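Everything numeric in this text was worked out from a predicted model, so none of it was measured.
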Amino acid sequence: MCARILQQCEVLRGGRSNLASFLGVQSDELADWVEGKSGPPRAVFEKAMEVILAEHDRRASLGPPPKRRRSDH
């Protein structure tokens, strides 16, 4: 689960080096966590969750997505 969250954070923060800088960790440490080789410290995980929650809030503020037509499926 931690690895998947960090992978999403990589996308949201514009890449691994940007995410590492934001989290205040070395890129090679982050690589191990993203690849699931080990888990991040709790403080780092919580900071990553802040990224996810901020994106959730941003999307929620945009309102619901447009409804899909039956022909769009």
Side-chain angles (χ1 to χ4, degrees):
M1 179 176 86
C2 290
R4 184 67 182 125
I5 287 169
L6 290 168
Q7 290 166 7
Q8 291 174 351
C9 289
E10 271 187 319
V11 172
L12 294 171
R13 295 299 297 187
R16 188 165 293 174
S17 63
N18 287 343
L19 179 58
S21 293
F22 174 77
L23 295 174
V25 300
Q26 298 295 318
S27 290
D28 57 340
E29 255 184 320
L30 180 57
D32 286 344
W33 303 333
V34 169
E35 294 165 13
K37 294 179 181 175
S38 63
R42 183 181 183 102
V44 172
F45 178 75
E46 288 174 355
K47 198 165 182 181
M49 284 303 302
E50 290 174 14
V51 173
I52 299 295
L53 293 173
E55 178 63 11
H56 179 271
D57 290 346
R58 184 191 72 78
R59 289 182 184 187
S61 73
L62 297 176
K67 293 191 178 196
R68 293 172 63 184
R69 295 184 306 228
R70 195 172 186 90
S71 62
D72 291 343
H73 293 252

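In terms of heavy-atom proximity, R13 sits nearest to N18 at O-CB, 3.1 Å. Closest non-hydrogen pair, F22 versus K47, comes out as O-NZ, 2.9 Å. A pairwise comparison of heavy atoms in A48 and L23 identifies N-CD2, 3.9 Å as the closest pair. In this structure, S27 and A20 approach most closely via the heavy-atom pair OG-CB, 3.8 Å.
Listed by chain and residue number, Q7 satisfy the side chain to side chain contact (heavy atoms under 4.5 Å, CB included) test with A3 (two or more places apart in sequence, or in another chain). S38 pairs by the side chain to side chain contact (heavy atoms under 4.5 Å, CB included) definition with D32, W33, not counting sequence neighbours.
Checked for salt-bridge contact, R58 and E55 meet the test: a charged N lies under 4.0 Å from a carboxylate O.
There is no path of hydrophobic side-chain contacts, each under 4.5 Å, that joins V11 to M1. V34 and I52 end up in the same hydrophobic cluster when Ile, Leu, Val, Met, Phe, Trp and Tyr side chains are linked at under 4.5 Å.
Within 6.0 Å of the CD atom in Q26, the count of heavy atoms belonging to other residues, nucleotides or ligands does not exceed 12.
Atom CE of residue M49 and atom NE2 of residue H56 lie 10.5 Å apart, to the nearest 0.5 angstrom. The CZ atom of R16 lies 9.5 Å from the CG atom of L6; values are rounded to the nearest 0.5 Å.
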